[in-house]
Amino acid sequence: MIALPLRVPGLSGFKGRALWVLTPLLALYLAGCGKPDRDESQVLARVNGDEISVHQVNSARSQSPTKVLGESDLNALIEKMIDRQLAVQQALTLKLDRQPDVLMRLEEARLDILAAAYADHVNAMNPSPLDQDAAAFYAQYPGLFAERKVYRLREISIPADSPTLPEAQARLERKEDLEDVLAWLRQQAGSFTDQQALRPAEQLPVEVAERLNRVKPGQTIAFRLPRALIIYHLQAAESAPLALKSAEPLIKDYLKKQHESNTFKKELQRLRTIADITRPASPTETGRTHE
């Protein structure tokens, strides 16, 4: 299930205190409002002689989990990059980059970046979703949009590897009272979580949101996911519909990511059919040979 998002590197000696200059004009440029022909190699900071450039900062901005807006956010980002460079310099001075576990992690990061770059290459020519695609999705899932609600839930999660999961699921399917099921769970060895949650429809998997839209307060539903059995007890629901015009950019972004994921999965399947892949030993057997 996929929830619809509403919102995817030792130097000897010390060369003095790190200095950097960020003018208001440059801040506007980094925020996307400056002149497009500004020199990307302009230095924003020097850390013991190592430079942090506009290009590096722009790259960090694009990968930041939160939006970098205004000069204060940019200053904070550059300060974080200065701290990182100081740590990198000390790691190189101590030759930590030569340690086997660090070398392995660096290689894993390189491989991840290359694989992601190929995924971007494959998806570069994917057409953008059309207005009619967004409209059809909007109509297909009223629980997310036209009949959108904000749910107050009791959310119970039982890990997929818990020995109690099959019995708990069977009890729920027999319509046993939730409190009785929880009382039984507390007497068992397996772990589970029990928490209160306030979730708008778009923060739930599509299938969950659609089913909850038809559930009345006081009722309980359960979903078997790959990692857990999730039990939702609906306490209250507040209507908060979202018009097509407001939902359209969110839907298009979701459809684009879904299409890209499916496209790359098909490409990997194609590559598997023509590749020479061998697996001489199972992971468990391999692990035992190194014990």
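In this text the structure is predicted, and so the values were computed from the model without any measurement. Sequence positions, counted from 1, serve as the residue numbers for this chain.
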| query | Mind checking what makes salt bridge (Lys or Arg N to Asp or Glu O under 4.0 Å) contact with Arg272, not counting sequence neighbours? | reply | none

| request: Would you confirm whether Gln188, through its side chain, and Trp184, through its main-chain N or O, come within 3.5 Å as a donor-acceptor pair? | output: yes

| query | Would you call Lys257-Glu260 a salt bridge at under 4.0 Å N-O? | reply | no

| request: Return the set of residues passing ring pair (Phe, Tyr, Trp, His ring centres under 6.0 Å) with Tyr138 (not counting sequence neighbours), or none when no residue passes. | output: Phe145

| Strictly by modelled atom types, are Gln85 and Asp50 linked by a side-chain donor-acceptor pair under 3.5 Å? | yes

| query | Can you list every pair that meets salt bridge (Lys or Arg N to Asp or Glu O under 4.0 Å) and has a residue in residues 226-244, with sequence neighbours left out? | reply | none

| query | Between Phe137 and Tyr254, does the ring centroid distance fall short of 6.0 Å? | reply | yes

Which pairs of donor and acceptor atoms, one on a side chain in residues 211-221, lie under 3.5 Å apart (sequence neighbours left out)?
residue, atom, partner, partner atom, Å
Asn213, OD1, Lys149, NZ, 3.4
Asn213, ND2, Glu147, OE1, 2.7
Arg214, NH1, Glu210, O, 3.2
Gln219, OE1, Lys216, N, 2.8
Thr220, OG1, His233, ND1, 2.8

| request: Give the cluster check for Leu198 versus Leu144: same hydrophobic cluster or not, with ILVMFWY residues linked at side-chain heavy-atom distances below 4.5 Å. | output: no

| query | Which residues, ordered by chain and number, are linked to Ile113 in its hydrophobic cluster, where ILVMFWY side chains connect at heavy-atom gaps below 4.5 Å, directly or through other members? | reply | none

| query | Who else is in the cluster with Met104 when I, L, V, M, F, W and Y are joined by side-chain contacts under 4.5 Å? | reply | none

| field | Which residues share a side chain to side chain contact (heavy atoms under 4.5 Å, CB included) with Leu106, sequence neighbours left out | value | Val102

| said: Grouping I, L, V, M, F, W and Y whenever their side-chain heavy atoms are under 4.5 Å apart, do Phe223 and Leu172 come out in a common cluster? | reply: no

| request: With sequence neighbours excluded, give me every salt bridge (Lys or Arg N to Asp or Glu O under 4.0 Å) pair touching residues 116-137. | output: Asp131-Lys252

| query | Regarding Gln196 and Gln235, is there a side-chain donor-to-acceptor distance under 3.5 Å anywhere? | reply | yes

| request: Hydrophobic side-chain clustering at under 4.5 Å (ILVMFWY, transitive links): who's grouped with Leu271? Put none if nobody. | output: Tyr118, Val122, Phe264, Leu268, Ile274

Donor-acceptor contacts under 3.5 Å from residues 173-182 side chains, at least two apart:
residue, atom, partner, partner atom, Å
Arg174, NH2, Glu176, OE2, 3.0
Glu176, OE1, Arg171, NH1, 3.2
Asp177, OD2, Glu179, N, 3.0
Glu179, OE2, Arg154, NH1, 2.6

| task | Please name all residues satisfying ring pair (Phe, Tyr, Trp, His ring centres under 6.0 Å) with Phe192, sequence neighbours left out, ordered by chain then number. | result | none

| field | Side-chain (Gln195) to main-chain (Leu153) donor-acceptor, under 3.5 angstrom | value | no

| query | Do Arg105 and Glu108 sit within salt-bridge range, that is, some charged N less than 4.0 Å from a carboxylate O? | reply | no

| query | Does some side-chain heavy atom of Val88 sit less than 4.5 Å from a side-chain heavy atom of Arg84? | reply | yes

| said: Before you tell me yes or no, could you show the steps for Ser59 and Gln63 under side chain to side chain donor-acceptor pair (under 3.5 Å), namely the whole-Å CA-CA distance, both residues' side-chain angles and the distance that decides it to 0.1 Å? | reply: CA-CA 7 Å; Ser59 178; Gln63 299 176 50; 3.1 Å; yes

| task | Would you please name every residue forming a side chain to side chain contact (heavy atoms under 4.5 Å, CB included) with Ser162, sequence neighbours left out? | result | Ile158, Pro159, Thr164

